[in-house]
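Accompanying notes for the structure given below.
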Amino acid sequence: MRKFFILIFTLFIYLTSFSQSAITNLNKTKFEIGDQIVYSFSLPIEKSNEIGIYLPKEIKDSLEIIGQTIDTIERQGKKYLDIRCYFTSFVAGKHKIINPNGRVLDFEVMPFPIDTLKIEIKDIKANSKEPFTISEIMPIIIWVLVATALLIGSYFGYKLWKKYRKVKIKEIFIKPKPKLPADIIALNSLEELRLKRLIENGRTKEYYSEISEIIREYLYNRFEISAMEMTTEEILREVKRYSDINNNSYLLLEYILKNSDLVKFAKFFPDSYISDKCMKDANEFVNQTKLIVQTQEKEEEND
Amino acid sequence: MIDIIELNAKIERESAFVDMINNEIHKSIIGQQGMIERLIIGLLANGHILLEGVPGLAKTQAITSLAKSIDAKFSRIQFTPDLLPADLIGTMIYSPKDESFAVKKGPIFSNFVLADEINRAPAKVQSALLEAMQERQVTIGEKTYKLEEPFLVLATQNPIEQEGTYALPEAQLDRFMMKVVITYPTQEQEKLILRQQVGSALPKIEAVLKPESILHAREVVKQVYIDEKIESYITDIVFATRFPENNNLDKLKPYISYGASPRATINLALASRAYAFIKRRGYVIPEDVRAICLDVMRHRIGLTYEAEADNITTEDIINDIINKVDVP
């Protein structure tokens with residue numbers, strides 16, 4: 001609509017100067033959408049030399065110029081420039097053209113009548129089907145391959161699990177080697193040490209180190225005291241908490257460990273009496289503090 | 001050949017003064033037996049001591065009492081941010097009368113130097129002190145002066161109020177034989193402290209020992225026997241701080257950034273000897289090593305950020321190590 005008025009304004013500007021002498025006309029005042037009308041105007045030829053005639057070729061919004069012709073005609077012995085503009089419109093409704101001389105030319109663009117009742121309704125055409133390509137079915141192929149691999153993997157996994165389980169079951173049924181009681185281990189070790197005859201060979205330090213280690217190991221196996229990582233004082237403090245170790249046993253342990261410390265750390269050379277006593281005391285300590293398991297039979301006998 | 005019975009008898013005789021010092025110090029200090037023992041160890045093993053504890057735990061009092069119980073020169077230096085090295089070691093002063101420079105010796109020229117709140121002085125003052133500690137001599141102007149023996153620096157610092165302090169670098173901390181952490185007294189001890197302090201005037205501490213006696217005692221301490229087994233035990237502990245994985249302590253590996261230095265090994269041995277001496281023994285046993293292990297090692301192990309994040313302290317690490325390393 002705006003462009004239409006621009007056209008009219010342009011025409012007005014160009015034609016103001018000769019508005020008195022121009023003749024304008026529209027061939028129709030009503031026409032259907034897409035139909036053509038002819039807008040014609042004539043002006044004396046001498047005026048056309050003064051003012052250049054220019055008309056735009058197209059107006060998009062409501063009125064479109066399809067074409068134009070410019071001709072020179074003679075009327076009553078006078079030459080005129082005859083200009084014809086061919087317009088069409090696709091905007092239904094009433095429109096107007098204002099002539100350069102101020103005259104308003106009305107025209108109406110009528111919509112195209114459609115009778116929907118008479119129209120034959122047809123189905124929308126279905127989409128055309130394209131043939132499948134490998135790339136389209138590739139995800140499906142991959143999934144199938146993965147599923148197959150999983151199935152095969154599960155089968156072999158199950159086989160391996162069964163095999164491994166059988167081994168485990170076998171292992172469970174292997175009879176564990178019975179663990180010797182702490183006192184037996186200690187007494188055996190003390191006997192082995194005695195038979196080594198270290199004192200007789202002048203290896204006093206080694207002898208006492210081994211006695212000390214055997215007793216410490218016994219304390220760990222019997223009472224779960226981490227005696228290997230404890231000092232003598234710490235061990236003596238710790239054993240006081242156990243009721244199985246009475247005062248006599250405590251004194252035996254103290255004698256063994258303190259004498260061992262003297263030999264191990266103070267280059268003390270005890271006489272054979274002390275060495276024999278240490279061995280004797282170690283055996284006695286183990287025997288005094290060993291775990292006594294009373295079987296049911298014995299209990300019944302006692303009853 | 002060492003006669004251990006004879007050595008024990010000698011140690012028994014020579015170490016009698018330990019009880020005298022103990023008695024004198026206990027005139028003004030109640031409890032804190034561990035701290036007093038460590039001070040005497042430092043005295044006997046010729047090692048400087050760093051005491052750490054919150055204010056009011058009688059750190060300064062203990063050191064003052066120890067110094068008073070020995071007839072020796074004692075000076076106390078309160079470390080402050082504006083302290084200068086010259087305030088510590090001394091300086092050259094111009095005498096207009098003689099038109100010459102005279103040496104003005106600083107408070108470091110004493111037998112016992114109490115460096116109170118050592119971490120409050122800037123690094124240059126700390127360096128001056130720590131250099132004197134290490135070299136046992138001081139250079140003023142162009143002349144070098146030997147420090148008197150016994151020379152013992154007893155420094156204190158408190159673990160709180162770290163704002164505006166200058167933390168001692170690890171390399172300088174290493175020069176202290178022991179870092180003793182002091183804890184609060186028990187409730188019973190605190191009652192006794194209350195009675196002592198609120199009651200009549202404190203008994204005067206008498207000087208019961210001459211500095212020469214300390215030097216003589218040091219010679220005796222050197223005779224305390226350390227067996228090869230104990231030496232192995234000490235190196236096992238020190239090596240466990242460097243390679244914990246070799247002692248089935250893999251869990252400690254990410255917590256230790258650096259282990260204890262060879263100086264730790266030396267000081268552990270020296271302090272163990274002194275500890276055996278004050279326990280009236282002529283030989284070192286594993287108990288001695290364990291008793292002073294924490295104090296000798298706690299400032300010589302570097303912790304990682306992981307340790308700090310997990311609230312693991314050097315004490316935790318040392319405890320784990322001594323509970324894992326086999327006792328000979």
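Throughout, a chain's letter reflects where its sequence line sits, starting with A, and its residues are numbered from 1. Computation of the quantities below employed the complete heavy-atom set of this structure, encompassing side-chain atoms and omitting hydrogens, waters and symmetry-equivalent molecules.
More than 12 heavy-atom neighbours from other residues, nucleotides or ligands sit within 6.0 angstrom of OH on B:Tyr258. Counting non-hydrogen atoms of other residues, nucleotides and ligands closer than 6.0 Å to CD of B:Gln187 gives a total of 12 or fewer. The environment of CD in B:Glu228 is sparse: at most 12 heavy-atom neighbours from other residues, nucleotides or ligands sit within 6.0 Å. In the displayed structure, A:Tyr242 atom OH is contacted under 6.0 Å by more than 12 heavy atoms of other residues, nucleotides or ligands. Heavy atoms from other residues, nucleotides or ligands lying under 6.0 Å from CD1 of A:Ile134 number 12 at most. Other residues, nucleotides and ligands contribute only 12 or fewer heavy atoms inside 6.0 Å of the CD atom of A:Glu224.
Both the backbone and the side chain of B:Asp326 come within less than 4.5 Å of a heavy atom of chain A. For chain B, the nearby parts of A:Thr232 are the backbone and the side chain; heavy atoms of each come within less than 4.5 Å.
Side chain of B:Glu287 to main chain of A:Glu233: a donor-acceptor pair is present (N/O by atom type, distance under 3.5 Å, no hydrogens or angles).
Rounding to the nearest 0.5 angstrom, the gap separating the OH atom in B:Tyr283 from the CG atom in A:Leu262 is 3.5 Å. A distance of 7.5 Å separates CD1 of B:Ile322 from CD of A:Glu234, quoted to the nearest 0.5 Å. Atom NZ of residue B:Lys229 and atom NZ of residue A:Lys264 lie 6.0 Å apart, to the nearest 0.5 angstrom.
The side-chain contact (heavy atoms from CB on, under 4.5 Å) test with A:Phe265 is passed by exactly one of B:Ile226, B:Asp288, B:Ile285: B:Ile285.
A heavy-atom distance below 4.5 Å is not found between the side chains of A:Glu229 and B:Asn323.
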